[in-house]
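First the structure, in the form of structure tokens, and then the observations on it.
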Amino acid sequence: MVNSPSPFAEARRIAGSAEALPPVRRSLAASIGCVLSEPITAQLNIPHAASSAMDGWAVTPADHPQWRLRSNGAQRPGVVLKPLAAGEAVEVVTGSPVPAGTYSVLRTEHGHIEHSAVHGQQLRADPGTPDLEQGRNIRPEACEAQAGQLLCEPSQVLTPARAATAAVAGYDRLAVTPPPRVRLVLTGGEVITSGVPAPGQVRDVFGLALPAMVSAMGAEIEDVRRTDDDAAALIELIDSAPAEVIITTGGTAGSPADVLRPALTHLGAEILIDSVSMRPGHPALLARQGSTFVLGLPGNPLAGFAALAVLGDPLIRALRGVTPAVNSRTVMAGSALQGPRAGVRLLPAQIREETVEPLPHTNAHMMRGLADAEVFAVVPAGGLAPGEAVECLEVPGVSNLAVGWPRSSEDHSSGVS
Ligand SMILES: Nc1nc2c(c(=O)[nH]1)N[C@H]1C(S)=C(S)[C@@H](COP(=O)(O)OP(=O)(O)OC[C@H]3O[C@@H](n4cnc5c(N)ncnc54)[C@H](O)[C@@H]3O)O[C@H]1N2
Ligand code: MOO
């Protein structure tokens, strides 16, 4: 039986109040996308030695812009050169540590080499070059950061660029909140995974889309399991999951075939959210068994995906340590949005010219409207008039895949062909 629905905002708050997973130490590569549990500080001066910013020659101070050119200069950035003597120059490349005694670096195209039987190879600067100013074309030691300086605060997500910064700062591993591992359990004996469904069968939507959506939310798919509407099998799959989160699909309602609630009762799980005052998706539930969360998504396709956006997103963000865990944006309604009798309606919509435009084909059992949607518009009872503010939740996975939408039919027709 589905009891006492939680108000929409309250349900999101409960899902988003899960405690972040305990920190672990991981390689930099494995830490990308995780929230930092420690600050990143420079382990050394960055750069740790003054180096050349140009291919050219390290030169000493000169009244006459002419130097004895030392042989065996640096033709690779890894070469460490002996100090320069007075009146000497030596070849360097971009990134070469400049030898002690370097005054500036004369870039290749501003100098030339002359051969003299008496003096050997002589380097001469071209008239008017700016490269003879002290420090010119030299990257000073520590110009980016002093050893010990803070580069990235804890609680921030380690983006790929921050991981690369941590590498420059001397790190191999970092303390981060790991992504929650998710077991997907797809129920329904009528669900088939290939071919054209016969009467009484449906093609699976969740096994295809949920792994990509859940990964885009920052969790890790541990495994995907399927079961008929069999309580014993479901109990076993929940009880044995090597995961912090189990996401089930189907079986959330109250028919004899709906086995999720009886399975959770049998396991003694604590029901955190019994159902949510929203359409579609109202039989969605969130339970906890020990330290494992069970998120039950309704089997109706649009209802299941809506419930993932409403409850799955804040739950996964909270477990990852992302703040705020409850996340949405506000956009203006472009046209009238019809509301439900009670609670909220989740309407697949596009954002066109900064306004929300609802899409057709958005009944609970449908996929067609969601296929074109960027957001679920959250429409309260009573509906919204054009120009009113609408809370919008991202359709999971849309922004990560950089999906672009035609801004209008005109733009569409004049697009690249
Ligand atoms: N008497 C009532 N009946 C229903 C209620 C209610 O309050 N009282 N709620 C309705 C609502 S709302 C929803 S949503 C569904 C929830 O259903 P379940 O979570 O129990 O899901 P199932 O019954 O297993 O399936 C519903 C529907 O979805 C199809 N389905 C299931 N899995 C998949 C899949 N992987 N891919 C595609 N389609 C799937 C399934 O075949 C059914 O058509 O309950 C209403 N009933
Ligand atoms: O969750 Mo059901 O799909 O509201 O219709």
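Both backbone and side-chain heavy atoms feed into the values below; hydrogens, waters and symmetry mates do not. Residue numbers start at 1 and run along the sequence shown. Start at 1 and go down the list; that is how both ligands and their atoms are numbered.
A donor-acceptor pair is defined here as one N or O able to donate and one able to accept, closer than 3.5 Å; no such pair exists between the side chain of Arg317 and the backbone of Gly16. Using modelled atom types, no side-chain atom of Ser328 and backbone atom of Leu393 make a donor-acceptor pair closer than 3.5 Å. A donor-acceptor contact shorter than 3.5 Å links the side chain of Glu38 to the backbone of Ala175. At least one donor-acceptor pair under 3.5 Å links the side chain of Arg12 to the backbone N or O of Val310.
Screening Ile246, Leu237, Thr187 against Arg225 for a side chain to side chain contact (heavy atoms under 4.5 Å, CB included) leaves a single residue, Leu237. The side chain to side chain contact (heavy atoms under 4.5 Å, CB included) with Thr252 is formed by just one residue from the set Asn300, Val259, Leu260; it is Leu260. Residue Leu285 forms a side chain to side chain contact (heavy atoms under 4.5 Å, CB included) with just one option from Asp274, Leu272, Leu311, Leu264, and that option is Leu264.
Only side-chain heavy atoms of Asp258 come within less than 4.0 Å of ligand 1; its backbone N, CA, C and O stay farther off. For Val205, heavy-atom contacts with ligand 1 shorter than 4.0 Å involve the backbone as well as the side chain.
For ligand 2, the atoms closer than 4.0 angstrom to any heavy atom of Arg279 are 4 (O). For ligand 2, the atoms sitting less than 4.0 Å from at least one non-hydrogen atom of Pro283 are 1 (O), numbered in the order shown with element in parentheses. Taking every non-hydrogen atom of His282 and a distance limit under 4.0 Å, the qualifying atoms of ligand 1 come out as 7 (O), 9 (N), 12 (S). Residue Glu190 has at least one heavy-atom neighbour below 4.0 Å for each of these atoms of ligand 1: 31 (C), 40 (C), 41 (O). The ligand atoms of ligand 2 that sit less than 4.0 angstrom from a heavy atom of Ala303 are 1 (O), 3 (O). Against a heavy-atom cut-off of under 4.0 Å, His282 is close to the following atoms of ligand 2: 1 (O), 4 (O). Residue contact check: Arg203 has heavy atoms under 4.0 Å from atoms 36 (N), 37 (C) of ligand 1. Near Asp204, meaning under 4.0 Å from any of its heavy atoms, are these atoms of ligand 1: 34 (C), 35 (N), 36 (N).
Remark: Asn327 pairs with no residue by the side-chain hydrogen bond (donor to acceptor under 3.5 Å, both in side chains) rule, at least two apart or across chains.
Judged by the shortest distance from any of its heavy atoms, Gly251 lies inside the 4.0 Å radius around the atoms of ligand 1. For Val202, the closest heavy-atom approach to ligand 1 falls below 4.0 Å. Between His365 and ligand 1 there is no heavy-atom distance shorter than 4.0 Å.
Checked against a 3.5 angstrom limit, the closest N/O atoms of Thr252 and ligand 1 fall inside it. Where the criterion is an N or O separation shorter than 3.5 Å, residue side chain and backbone included, Asn300 meets it with respect to ligand 1. Where the criterion is an N or O separation shorter than 3.5 Å, residue side chain and backbone included, Asp229 fails it with respect to ligand 1.
A salt bridge does not link Arg183 to Glu222: none of the charged nitrogens lies less than 4.0 Å from a carboxylate oxygen. With respect to the salt-bridge test (charged N to carboxylate O, under 4.0 angstrom), the residues Glu244 and Arg181 qualify.
When the heavy-atom distances from atom 4 (O) of ligand 2 to Ala364, Ser275, Gly281 are ranked, the shortest goes to Gly281. Considering only non-hydrogen atoms, atom 46 (N) of ligand 1 lies nearest to Ala253 out of Pro301, Ala253, Gly188, Pro283.
Counting heavy atoms from C-beta outward, Val395 and Pro348 have side chains that stay 4.5 Å or more apart.
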